[in-house]
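The structure appears below as structure tokens.
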There are 2 protein chains.
Amino acid sequence: MKAGCYQFDPAFGEKEENLNRVASALKNADLNLLVLPEFFATGYQFRSKDEVAELSESVKSGQTTEFLCGMSREKGIYIVAGLPERDGDKFYNSAILTGPDGLMGVYRKTHLYFEEKLYFSPGDTGFKVWDTEIGRIGIMICFDWFFPEAMRCLALNGAEIVAHPSNLVLPHCPGAMPLRCLENRVYAITANRIGTEDRTEGKPLKFIGQSLIVSPRGEVLANAPAEEETLLIAELDLKSARDKTLNPLNDIFKDRMPEAYEAILKKER
Amino acid sequence: MKAGCYQFDPAFGEKEENLNRVASALKNADLNLLVLPEFFATGYQFRSKDEVAELSESVKSGQTTEFLCGMSREKGIYIVAGLPERDGDKFYNSAILTGPDGLMGVYRKTHLYFEEKLYFSPGDTGFKVWDTEIGRIGIMICFDWFFPEAMRCLALNGAEIVAHPSNLVLPHCPGAMPLRCLENRVYAITANRIGTEDRTEGKPLKFIGQSLIVSPRGEVLANAPAEEETLLIAELDLKSARDKTLNPLNDIFKDRMPEAYEAILKKER
């Protein structure tokens, strides 16, 4: 099965334009799963709650969901893509999964980065995994990668592929994803964006590109440059994500010793 | 404060010789904390439970503990070192911490690697941290590194320095320790061994050396070659291990969301 991601430079607030760019990129693409960046249709650097309110959507019926469901149906593919979600008077940094039959679900980002905390609520969905025709897909968003618990929970919940919509500005993630995949024996697709947003004086954000697709053995199967628009595609063999054995005596999941891990559930104050 | 590790090629079964080599290496060394490899005084590749029984010791009163307590007292330093432990009719892959005032405690390896499972019981101590004059020291042994829960639990339990006695044969650990340190904001000292043991026909073990000391920012402060005996030393500033802030709005410990991590305590069957 073929999976990919589209790294590009979304224009802030230009939803129509950004959706059209995704449609163009997909026109001749041959793949089963596409991952798009965090906030791929809106841009990232919100300056006020009003802006968030203006650009957020209901994931059930908004323009972005309709567009993604349309693309999924038309091309017969699964798509994971990030968008600002409105639910009543709350906003979430979310990602949805769409398939040939429509919307399959939403993940709300658990670990909010920096000024996202001013505008969004922390996710309350937990680390969900969806069983699809092409494999078991889990979602995490951008900064979630920093917390080893995120991909661990997705893998323990059965994910074979971790779709990872991102707007990375720190340098560490591309170098870290091989270990995240190795320690969990899953595929990961980090769909990052490129470009710079400079909407708040003196605090420009430069996104680092370098989207990548990594195998359960920690091999980088495909990676994009730091500053170029790229449609990245790799062939995945999900059998290798189901096999957690390291040698005849070690299985990295069966060898886990949860009784020794209680500190993980401690909350810092 | 100065911490280091001694990478060498222990001779199997030659306890006296191995202890003498450590004593020589330490003779003119100037440091506050020394980490020695897993099974540093006995060698690694046991062929039978009888061999394990012969070379194992009580950690309270064995020859190795006495030697390490003596070195700690004489030099006024803390030492973390791995040894096969006998406790009644059970054997553990353990590491002890000694200080100027004697034995401070023992950690028993939680995640056993490969044929260790034939001879040793999984550790039952959990991920302990000792408060010393030079800082809070946690211990994990070799393959424990592969499980992100190990260093996470040590860090959550207050470790500022993770002492990591090792006999690594797989290639991944040296490249992975920077992320382990970054994600937990702790120092780590991986004391690996060098050389090859070929005591079971057709299954030689080549140890990969490359011991390393990593900072809480994921910088490699010092690292050893793959095949040379090395006394590695680095200056540590433990303040940087106490600071978990990433920016004015993110603290990587306070940002953890344990309510979303329940899958971590699930046991695979």
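Sequence lines set the chain letters: A, B, ... in the order given, protein chains first and strands last, and positions in each chain run from 1.
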Is there any residue in residues 210-225 of chain B with a non-hydrogen atom under 4.5 Å from a non-hydrogen atom of chain A, and which ones are they? none

What's the spacing between A/Glu259 CD and B/Asp124 CG if we round to 0.5 Å? 10.0 Å

Do A/Arg152 and B/Arg152 have side chains that get closer than 4.5 Å, going by heavy atoms? no

So, do A/Asp255 and B/Phe146 sit near enough that their side-chain heavy atoms are less than 4.5 Å apart? no

Taking non-hydrogen atoms and a cut-off under 4.5 angstrom, which of residues 236-247 of chain A neighbour chain B? A/Leu246, A/Asn247

With a 4.5 Å heavy-atom cut-off (strictly below), which parts of residues 108-117 of chain B touch chain A? List them by number. B/Thr110, B/His111, B/Leu112, B/Tyr113, B/Phe114, B/Glu115, B/Lys117

Within the supplied structure, the quantity of interest is the number of heavy atoms (other residues, nucleotides, ligands) at a distance under 6.0 Å from A/Lys60 NZ; does it exceed 12? no

With heavy-atom distances below 4.5 Å as the criterion, would you say the side chains of B/Cys153 and A/Ile264 are in contact? yes

Which region of A/Leu179, side chain (C-beta onward) or backbone (N, CA, C, O), has a non-hydrogen atom less than 4.5 Å from a non-hydrogen atom of chain B, or is it both or neither? side chain

Quick check for you: among A/Glu183, A/Glu149, A/Glu262, which has the greatest number of heavy-atom pairs under 4.5 Å with chain B? A/Glu149

Applying a criterion of heavy atom separation less than 4.5 Å, what residues of residues 159-170 of chain B form contacts with chain A? B/Leu170

Greatest number of heavy atom pairs closer than 4.5 Å to chain A - which of B/Gly126, B/Ala155, B/Ala260: B/Ala260

Ranking B/Thr125, B/Asn157, B/Leu118, B/Asn184 by heavy-atom pairs under 4.5 Å to chain A gives rank one to B/Asn157

A/Lys90 NZ: over 12 foreign heavy atoms closer than 6.0 Å: no

Any chance you could measure B/Tyr261, atom OH, to A/Lys266, atom NZ, to the nearest 0.5 Å? 14.0 Å

